[in-house]
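Note sheet for the following structure.
Residue numbers start from 1 in every chain, and the chains themselves are labelled A, B, ... in the order their sequence lines are given, proteins ahead of strands.
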Amino acid sequence: MRLSELFFATLRDDPADAEMPSHRLLLRAGYLRQLGSGLYSLLPLGFRVNKRVEQVIREEMNAIGCQELEMPVIHPADLWRESGRYDLIGPEMARFKDRGDRDMVIAMTHEEVVTDLLRDIIRSYRQLPVRLYHFQTKFRDEPRSRGGLIRVREFVMKDSYSCDRDDEGLDASYWAHHGAYVRIFERLGLEAIPVASDVGMMGGSLAHEFMVLNPAGEDVLVLCDACGFSANRQVASVKVPLVDLGPALPVEEIETPDTTTIADLAAFLGVDATRTAKAAFFMAGDGRLVTAIVRGDRDVNETKLSNVAKVSGGLRPATVDEIHAAGMEPGYGSAVGAHDTFVVVDEIAAASPNLVAGANRVGYHLRNVNLGRDFQADLVADIDNAREGDACPVCGHPVILRNGIEVGNIFKLGTRYSAALGATYLGEDGQAHPIVMGSYGIGLGRNVACIVEAHHDEKGIAWPDEVAPYPAHLVSIGTNKEPRVGELAKELHDGAAAAGREILWDDRDDSPGVKFNDAELLGMPWIITVSPRSLAAGGVEVTRRATGQRSVMPLDDARAWLTGSGPAPHLTEPASVASQAASESAGTRS
RNA sequence: CGGGGCGUAGCGAAGCUUGGCAUCGCGCGUGCUUUGGGAGCACGAGAUCGUGGGUUCGAAUCCCGCCGCCCCGACCA
């Protein structure tokens with residue numbers, strides 16, 4: 001591909017709206033253009049990267065016996081009504097009516113459609129297991145897109161679905177995907193950590209997310225250096241030491257002026273925050289006031305709370321009026337004497353006797369409050385929010401917290417959809433059984449962005465070989481001085497293309513500085529320079545983009561390499577200090 | 001949806017406080033020179049200043065509404 005003919009444009013200045021390196025570089029290097037919030041066009045270069053990522057995924061999916069198919073982007077709303085998600089999902093799903101006034105939706109995922117196919121096609125246990133996947137556009141009207149391709153509204157996802165007879169089969173499918181995902185991310189050059197995760201809107205029983213560490217990540221991971229434990233904070237249960245405060249003592253009301261925070265209260269009374277109880281109030285989408293009680297030194301994890309309280313429609317902070325209506329007082333609140341509220345007590349607080357809790361009266365708290373005697377819980381559960389330094393649940397070593405970007409996820413759905421839609425098979429026992437399903441996703445664009453996040457330096461992108469849009473970037477210099485340069489560049493370019501291994505050739509009439517800078521910005525793994533100087537040195541100069549290592553390659557070797565009949569350059573020269581630093585910052589960022 | 005910021009040529013910005021000819025750099029076109037690290041000179045094209053209304057003799061600038069984009073939060077596979 002001649003650069004002079006490529007549909008692209010590089011930008012010398014950073015785009016004002018791009019903050020993340022991947023966003024900035026993909027725009028600057030001409031891989032991407034924005035159409036609207038969370039809507040991007042892939043230019044030819046970006047499209048090629050996407051296709052290469054897709055191919056890696058396709059190969060690994062095929063390798064575990066997944067069959068590729070394609071399902072529509074537009075679905076009849078009735079199908080989503082059958083699963084119950086039509087009403088469950090809010091404005092995130094786009095809805096419209098077709099010309100026949102029928103309700104339709106734009107797909108945000110494909111569980112419903114694949115289950116519809118299953119109930120049509122699967123009759124007998126003999127047809128199971130089956131694993132299906134496709135690459136298809138999803139539209140999710142996110143409240144807020146961000147970070148270029150990191151979070152968008154329209155994107156292509158590889159989603160696969162496993163269909164088994166029983167939990168044992170599902171387990172095999174699940175771990176087959178787990179293995180395939182490990183291989184996929186390794187091939188893509190991503191250090192993805194599988195973490196136990198929340199099942200979210202998908203429903204189901206077990207889920208892992210594959211996370212790439214990144215300061216701009218939207219998820220918080222709880223990690224243990226010592227034993228390798230990893231979990232999303234939304235599900236992480238760390239070990240928190242309990243404080244034994246002895247047998248229950250009588251309740252005592254005490255005056256505690258101006259102590260609306262735990263810090264103020266603990267300071268005022270001269271007690272540790274671990275000896276207090278904290279109340280947090282939420283209004284659920286289903287209309288319930290949810291009161292969460294945690295030990296004073298801990299915080300509520302809203303995802304956990306939402307899950308254990310089986311909240312539909314989400315949680316929001318309650319208003320003062322709503323709290324008053326349940327007989328409680330913000331700042332001096334507790335579940336003591338509360339009514340018309342769903343009380344969830346964290347396990348740590350539940351195991352802590354004689355806590356200082358709010359008296360539900362401005363300026364007063366209660367000493368020696370005990371669960372069961374002084375207030376009741378509708379539910380005792382883990383709603384604790386893990387913190388850096390807490391003890392690892394596996395080995396007890398202090399955990400660390402890191403931000404991560406989710407590059408893939410795997411879910412055990414079970415019979416959530418097959419039961420709702422009536423996708424059953426006849427078992428050996430002659431009875432109908434719901435198909436046991438799993439669902440597995442990888443967002444292509446987000447992975448492309450994460451690859452750039454992990455493989456770039458201050459000059460630009462440095463694609464791993466596996467996903468680079470072209471294997472090499474040929475720079476011809478000094479064609480005016482030496483006609484052989486242009487002839488040779490054309491020969492190398494045309495030869496590679498004829499061999500089906502197209503390379504990029506910067507044939508533009510620009511100065512060497514412009515060409516080198518663009519080559520480094522675009523990020524092909526190899527930069528090949530043809531110039532009078534390289535010819536005098538005996539061939540072409542080859543530079544490894546990621547490390548800056550370079551050497552001269554004889555012409556015949558270069559021809560052989562580029563046409564696929566010879567090996568890639570072997571670089572013996574050590575990388576310079578500067579380029580080593582560059583490659584380190586590029587390679588270890590993840 | 002709450003908080004903050006920003007919309008001026010393809011990109012990046014100045015001008016706005018204090019109303020008075022639409023600016024700068026890069027990029028782009030033509031010509032000549034130049035060609036191993038973002039070249040030089042000359043000429044040139046390109047902007048209804050996001051949008052609608054208002055105030056005013058006069059609005060990029062002041063006032064009101066709307067739209068769009070980015071960041072933080074809420075939310076979220």
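At least one test fails for A/Arg545 against the ring of A/Trp526: distance under 6.0 Å to the centre or angle within 45° of the axis. A cation-pi contact, defined as under 6.0 Å to the ring centre and within 45° of the axis, links A/Lys412 to A/Tyr174.
Here B/G37 presents its C1' atom at 13 Å from CG of A/Asp510, a figure rounded to the nearest Å. With rounding to whole Å, A/Asp17 atom CG is found 13 Å from B/C72 atom P. Taking atom CG of residue A/Asn232 and atom C1' of nucleotide B/C76, one finds them 12 Å apart after rounding to whole Å. Distance CE (A/Met108) to C1' (B/C76): 9 Å, rounded to an integer number of Å.
Using a distance-only test at 3.5 Å, with no hydrogens or angles considered, a donor-acceptor pair links the side chain of A/Ser534 to the main chain of A/Gly539. Between the side chain of A/Lys515 and the main chain of A/Arg508, a donor-acceptor pair closer than 3.5 Å is present.
B/C49 is unpaired under the Watson-Crick or G-U wobble criterion, no partner having all donor-acceptor distances under 3.5 Å. Remark: B/A13 base-pairs with B/U23; criterion is Watson-Crick or G-U wobble with both hydrogen-bond distances under 3.5 Å. With a cut-off of 3.5 Å on both Watson-Crick or G-U wobble distances, the partner of B/C43 is given as B/G29. Pairing partner, B/A60: none, since no Watson-Crick or wobble contact has both distances short of 3.5 Å. The partner of B/C1, taking Watson-Crick or G-U wobble pairs whose two distances both stay under 3.5 Å, is B/G73.
Distances shorter than 4.0 Å separate none of the side-chain N or O atoms of A/Ser531 from OP1 or OP2 on B/U35. Look at A/Arg144 and you won't find any side-chain N or O under 4.0 angstrom from OP1 or OP2 of B/C75. Side-chain nitrogen and oxygen atoms of A/Ser511 include none within less than 4.0 Å of the OP1 or OP2 phosphate oxygen of B/U35. A close approach under 4.0 Å does occur between a side-chain nitrogen or oxygen of A/Gln34 and OP1 or OP2 of B/C70.
A/Gly478 comes within contact range of the sugar-phosphate backbone alone, with a heavy-atom separation under 4.0 Å but no base atom that close. Backbone-only engagement by A/Ser145 is indicated by non-hydrogen atom pairs under 4.0 Å involving sugar-phosphate atoms exclusively. Across all strands shown, A/Pro317 has no heavy atoms under 4.0 Å from either base or sugar-phosphate atoms. Within the 4.0 angstrom heavy-atom criterion, base atoms lie near A/Ser534. Across all strands shown, A/Gly36 has heavy atoms under 4.0 Å from sugar-phosphate atoms exclusively, and none from any base. In this structure, A/Gly30 reaches neither bases nor backbone, as no heavy-atom distance under 4.0 Å exists between it and the strands shown. Across all strands, A/Tyr440 comes closer than 4.0 Å to no nucleic acid atom at all (heavy-atom distances). Note on A/Glu541: a base of the nucleic acid sits closer than 4.0 angstrom, heavy atoms only. Residue contacts shown for A/Lys481 are limited to sugar-phosphate atoms, with no base heavy atom under 4.0 Å away.
One P atom belongs to B/A39, the other to B/G2, and the distance between them is 49 Å to the nearest Å. B/C1 sits 12 Å from B/C66 when the P atoms are compared, rounded to a whole Å. Using C1' as the reference atom, B/G3 and B/G50 are 23 Å apart when rounded to the nearest Å. As rounded to the nearest Å, B/G15 and B/G31 have P atoms that lie 38 Å from one another. Separating the C1' atom of B/U18 from that of B/U56 is a span of 16 Å, rounded to the nearest Å. One P atom belongs to B/G4, the other to B/A47, and the distance between them is 36 Å to the nearest Å. Between B/A45 and B/U23, the distance separating the two P atoms is 14 Å to the nearest Å. A gap of 32 Å separates the C1' atoms of B/U17 and B/G27, to the nearest Å.
Checked against B/G36, B/C70, B/G38, the side chain of A/Arg12 finds its nearest nucleotide in B/G38. Side-chain proximity of A/Arg550 to B/G38, B/A77, B/G37: nearest is B/G37. The side chain of A/Glu302 has B/C75 as its nearest neighbour among B/C75, B/C11, B/U35. Side-chain proximity of A/Arg146 to the nucleotides B/A74, B/C70, B/U35 is greatest for B/A74. Taking the side chain of A/Ser37 as heavy atoms from C-beta on, and the options B/C11, B/C69, B/G36, the nearest nucleotide is B/C69. Closest approach to the A/Ala16 side chain among B/C75, B/A13, B/C70 is made by B/A13 (side chain taken as heavy atoms from C-beta onward). Among the nucleotides B/A77, B/G36, B/G38, the one closest to the side chain of A/Arg533 is B/G36. Listed nucleotides: B/C70, B/A77, B/G36. Nearest to the side chain of A/Tyr40: B/C70. Checking B/C70, B/C11, B/G36 against every side-chain atom of A/Thr529, the shortest atom distance belongs to B/G36.
Evaluation of atom-type donor-acceptor distances gives a pair under 3.5 Å for the side chain of A/Glu520 against the base of B/G37. Side chain A/Arg316 to base B/A74: no donor-acceptor pair is found below 3.5 Å. Side-chain atoms of A/Asp14 and base atoms of B/G12 include no donor and acceptor less than 3.5 Å apart. Between the side chain of A/Arg28 and the base of B/G27, no donor-acceptor pair of N or O atoms lies under 3.5 Å.
Residues A/Pro143 and A/Gly38 both approach RNA chain B. Their nearest nucleotides, taken by heavy-atom distance, put A/Gly38 toward the 5′ side. Comparing A/Leu35 and A/Leu535 by the nucleotide of RNA chain B whose heavy atom lies nearest to each, the residue mapping closer to the 5' end is A/Leu535.
Taking 4.0 Å as the cut-off between side-chain N and carboxylate O, A/Glu111 and A/Arg85 count as a salt-bridged pair.
In this structure, the ring of A/Phe210 has its center less than 6.0 angstrom from the ring center of A/Phe185.
The OG atom of A/Ser4 sits 10.5 Å away from atom CG of A/Asp509, with the distance rounded to the nearest 0.5 Å. Going from atom CE of A/Met211 over to atom CG of A/Asn232 covers 6.0 Å, rounded to the nearest 0.5 Å.
No side-chain donor-acceptor contact under 3.5 Å links A/Tyr181 and A/His208.
Ring stacking is absent between A/Phe516 and B/G38, as the pair misses the limits of under 5.5 Å between centres and under 30 degrees between planes.
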